[in-house]
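These notes are about the structure you will find just below.
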Amino acid sequence: MPKVGMEPIRKAALVKATIVEIGRTGSLDVTVSQIAKRAGMSSALAHHYFGSKEQIFLAAMRHILTLYGAEVRGALAMAGTPQERLRGIVRASFSAVNFRREVISAWLNFYVLAQTLPEAKRLLRIYQRRLHTNLCHDLRKIVGARADDVARGLGAVIDGVYIREALKQSSPDGDGAVSMALTYLSLELEARA
């Protein structure tokens with residue numbers, strides 16, 4: 001007889017194990033068995049909860065996106081001006097929770113998976129639209145009609161930093177990433193006239 005209340009705990013353990021295993025290998029070339037072993041359970045149980053490796057990975061990305069969304073909402077709630085809100089979004093993108101080696105690896109692999117898996121593509125589009133909308137909301141107040149272009153550029157800088165970090169061997173440099181993205185933003189805001 002299954003233990004009551006264990007399903008959410010086991011699912012969370014599998015999600016965390018997935019992120020760690022992808023970070024360890026740097027790819028989706030991990031097995032459900034490896035993920036389950038790291039989570040301390042059988043691969044049959046992992047399949048029972050998620051059905052496939054792709055579904056476990058999607059659950060892991062939903063978890064990553066949930067943490068990211070919470071950090072962005074917190075940063076926006078603390079900001080008073082449009083510039084502070086924009087800086088808050090950038091800082092949330094490169095926070096210690098969101099800019100860890102295993103999370104960076106998960107993002108890189110998420111982009112690859114989105115090329116072939118419709119559900120991953122849909123999830124990626126949701127993230128990209130939300131980021132773009134959040135950026136445009138405040139950029140319109142500062143740069144007017146250029147908001148869409150600046151938001152696309154800043155989104156590309158954020159994504160590009162993740163890609164570069166995924167290819168580096170050293171620890172992620174969140175402060176350097178924030179500095180790079182904020183420099184781009186400052187240059188765009190100065191060019192508003």
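The shown structure was predicted, so the numbers you read here are calculated from the model rather than taken from an experiment.
The salt bridge (Lys or Arg N to Asp or Glu O under 4.0 Å) search around R100 returns E102, not counting sequence neighbours. Residues forming a side-chain contact (heavy atoms from CB on, under 4.5 Å) with R140 (at least two apart in sequence, or on another chain): C136, A147. In terms of the salt bridge (Lys or Arg N to Asp or Glu O under 4.0 Å) criterion, residue partners of R62 (sequence neighbours excluded) are, by chain and number, E119. With sequence neighbours excluded, the residues that form a side-chain contact (heavy atoms from CB on, under 4.5 Å) with K168 are E165, S170. Residues passing the side-chain contact (heavy atoms from CB on, under 4.5 Å) test with R87 are Q83, E84, R91, L182, sequence neighbours excluded. In this view, N134 and V72, L76, I89 satisfy the side-chain contact (heavy atoms from CB on, under 4.5 Å) rule, not counting sequence neighbours. Residues satisfying the salt bridge (Lys or Arg N to Asp or Glu O under 4.0 Å) test with D175, not counting sequence neighbours, are none.
Hydrophobic cluster of L167: the remaining members, joined at side-chain heavy-atom separations below 4.5 Å, are L108, I163, listed by chain and number.
In the hydrophobic cluster analysis, where Ile, Leu, Val, Met, Phe, Trp and Tyr join through side-chain heavy atoms closer than 4.5 angstrom, L67 is grouped apart from V178.
The distance from the CG atom of L189 to the CD1 atom of I142 is 5.0 Å, given to the nearest 0.5 Å. Residue E54 holds its CD atom at 8.0 Å from OG1 of T116, rounded to the nearest 0.5 Å. Going from atom CD1 of I56 over to atom CD1 of I35 covers 5.0 Å, rounded to the nearest 0.5 Å. Between the CG atom of L135 and the CZ atom of R152 there is a distance of 12.0 Å, given to the nearest 0.5 Å. Between L185 atom CG and L154 atom CG the span is 5.5 Å, to the nearest 0.5 Å. To the nearest 0.5 Å, atom CG of residue L117 and atom OG of residue S52 are 8.0 Å apart.
Side-chain contact between P172 and R101 is present, with heavy atoms from C-beta onward closer than 4.5 Å. Taking 4.5 Å as the limit, some side-chain heavy atom of D159 sits within range of a side-chain heavy atom of Y111. Inter-residue side-chain proximity for L65 and L123 is flagged as met; some heavy-atom pair is nearer than 4.5 Å.
Nearest heavy atom pair, residue G26 against residue S105, reads CA-OG, 4.0 Å. A pairwise comparison of heavy atoms in E188 and V150 identifies OE1-CG2, 3.5 Å as the closest pair. When all heavy atoms of A177 and V161 are compared, the pair lying nearest together is CB-CG1, 3.6 Å. Minimum heavy-atom separation, K53 to V32: CB-CG2, 3.8 Å. The two residues K121 and A114 make their nearest non-hydrogen contact at CB-O, 3.4 Å. Of all the heavy atoms in S93 and N98, the pair that sits closest is O-CB, 3.9 Å.
Counting only residues at least two apart or on different chains, no ring pair (Phe, Tyr, Trp, His ring centres under 6.0 Å) pair has a member in residues 16-54. Counting only residues at least two apart or in different chains, ring pair (Phe, Tyr, Trp, His ring centres under 6.0 Å) contacts with residues 70-98 comprise F94-F99, F94-Y162.
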Sequence neighbours left out, cut at 3.5 Å: what donor-acceptor pairs do the side chains of residues 13-25 make with other protein atoms?
residue: T18; atom: OG1; partner: L14; partner atom: O; Å: 2.7
residue: E21; atom: OE1; partner: R24; partner atom: NE; Å: 3.1
residue: E21; atom: OE1; partner: R24; partner atom: NH2; Å: 2.7
residue: E21; atom: OE2; partner: R24; partner atom: NE; Å: 3.4
residue: E21; atom: OE2; partner: R38; partner atom: NE; Å: 2.4
residue: E21; atom: OE2; partner: R38; partner atom: NH2; Å: 2.9
residue: T25; atom: OG1; partner: E21; partner atom: O; Å: 3.2
residue: T25; atom: OG1; partner: S27; partner atom: N; Å: 3.2
residue: T25; atom: OG1; partner: S27; partner atom: O; Å: 3.0

List the atom pairs, donor and acceptor, that lie under 3.5 Å between side-chain atoms in residues 124-133 and the rest of the protein, sequence neighbours left out.
residue: H132; atom: NE2; partner: D148; partner atom: OD1; Å: 2.5
residue: T133; atom: OG1; partner: R129; partner atom: O; Å: 2.8

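K141 pairs in a side chain to side chain contact (heavy atoms under 4.5 Å, CB included) with only one of the listed residues (V143, L139, D138), which is D138.
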